[in-house]
Every structure is written in structure tokens, then in C-alpha cells.
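Contents: one structure, followed by commentary.
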Amino acid sequence: MSKEKLTQGVIGILTSGDDVVFLPLPEEDYLSEADGGKGKKERGEEDHPIWTSLKAGMLGFVSGKVKTDQNLKNISEEERKLILENALKREALEEFGLDVVPDIENQEKIFDSGVMEQIRYGKEIKFLLWVVTRLLIHEDQLEELKKAMDVVVVKKDDLLEFLENERENIRPAARQAILKSVDL
């Protein structure tokens with residue numbers, strides 16, 4: 001009997017003060033395979049049966065694969081937190097040249113937001129998406145990001161309205177992470 005390998009991903013909701021910071025998707029996420037990308041499509045729990053093709057200009061957060069064979073549900077909260085934060089730090093540095101830190105002072109939360117599905121390189125995968133609710137970037141980092149790319153900053157109080165108005169321009173994993181977050 002073969003055992004299906006558990007795939008896990010993580011996404012960090014970027015914050016600067018009480019603002020939520022959306023970044024454009026890295027090229028590898030939206031470029032077609034023919035153009036050197038992964039040709040990704042994605043859907044979350046609320047999206048069934050519709051797949052969303054990731055595209056240039058779409059907004060999201062720092063995210064990536066969790067490189068561990070451990071089911072993070074079965075380990076201590078402290079160890080899980082370390083693994084997820086390290087994965088986000090690695091991805092933020094690789095994708096955006098960004099040094100991020102957890103926002104412990106503002107009661108960051110870590111939880112699984114359920115299953116996400118992706119098609120990449122033509123293959124469908126399902127993974128458990130972990131969320132870190134407050135990944136802090138400092139004001140000087142935010143200013144540097146704004147010089148390098150189209151960054152969208154949204155006041156926490158306007159976030160749900162922004163998600164509704166910009167639904168087609170926000171990556172499904174980012175939408176699911178925010179909608180399942182209790183408090184940012």
C-alpha cells in the first residue's frame with residue numbers, strides 16, 4: 001500500500017504597522033512553462049470547481065513549500081513555528097531580497113487554513129497551507145520595495161472590502177489566508 005506524501009506550504013501575511021502589504025507574484029509563479037515558469041493555476045476551498053491562472057500583476061504575499069517530511073500538526077507548537085518562520089525567511093530572501101521577522105509583539109498567529117490545490121508543470125497537487133498572520137517588514141524595507149516593484153498597502157480596516165473589490169487580482173492562497181485569519 002503506497003502512502004501519499006504530505007505536502008505543506010506556508011504563506012506569511014506581510015504587515016507594516018497596522019497595514020497589510022501585498023506584493024506582486026514572482027515571475028516563476030505566473031510565467032508559462034514555455035517561458036521558464038511553472039505555469040501555475042490555483043484554487044482554494046471557496047473556489048471549487050474553478051481554477052485561477054496566476055498572472056502578472058496578481059498580488060500575494062511571501063509563500064513557498066515547507067521543506068520537511070514531518071506533518072506539522074504532529075509536532076510541538078514551538079518547533080512548528082520555527083520551521084514555518086524559517087521557510088518564510090528563506091522564500092522572502094530568495095523571491096524579494098527581503099529580510100522578514102515575525103511580529104511577536106502584535107500577537108502573530110500560526111494556523112493551517114486548509115487545503116489548497118495547484119497545477120504546476122501540468123501536474124495537480126494538493127497541500128496543506130499554513131498561515132503566519134503577521135510577518136513584519138520595517139518602514140525602510142517597505143520604501144525600498146516600493147522603489148523596486150508595485151506594492152499595494154491596505155489599511156487593516158479596509159482589508160475585507162479590498163479583497164472583495166480586487167478578488168480577481170489576488171492570488172487564491174492569499175485570499176484564503178486572510179479570510180481564515182481571525183485577527184491581523
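Computed from heavy atoms alone, side chains included, the values below leave out hydrogens, waters and symmetry copies.
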For the student: nearest non-hydrogen atoms of [X] and [Y], plus distance:
X	Y	value
Val100	Ala92	CG2-CB, 3.8 Å
Phe22	Ile178	CZ-CD1, 3.6 Å
Phe61	Gly12	CB-O, 3.0 Å
Lys65	Glu91	N-OE2, 4.2 Å
Pro172	Leu54	CD-CD2, 4.0 Å

- Does the side chain of Lys155 come within less than 4.5 Å of Asp19's, by heavy atoms?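 A side-chain contact under 4.5 Å exists here.
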
- Query: With side chains defined as the heavy atoms from C-beta onward, is the minimum distance between Ile83 and Ile75 less than 4.5 Å?
  - Reply: yes

Could you tell me the separation between the [atom1] atom of [X] and the [atom2] atom of [Y], rounded to the nearest 0.5 Å?
X	Y	atom1	atom2	result
Ile125	Ile119	CD1	CD1	10.0 Å
Leu128	Lys73	CG	NZ	5.5 Å
Glu144	Asp140	CD	CG	7.5 Å
Gln141	Leu14	CD	CG	9.5 Å

- Task: Please say which of Glu85, Glu78, Glu77 ends up in a salt bridge (Lys or Arg N to Asp or Glu O under 4.0 Å) with Lys81.
- Result: Glu85

Donor-acceptor check, side chain of [X] to backbone of [Y], threshold 3.5 angstrom: yes or no?
X	Y	answer
Glu42	Met116	no
Thr15	Arg134	no
Gln176	Ser113	yes
Glu139	Gly17	no
Arg43	Glu117	no

- Message: Testing the 3.5 Å rule here: is there a donor-acceptor pair between the side chains of Asp35 and Ser32?
- Response: yes

- Give a yes or no on whether Glu124 atom CD has more than 12 heavy-atom contacts from other residues, nucleotides or ligands under 6.0 Å away. yes

- Query: Considering residues, nucleotides and ligands other than Asp150, do more than 12 of their heavy atoms fall under 6.0 Å from its CG?
  - Reply: no

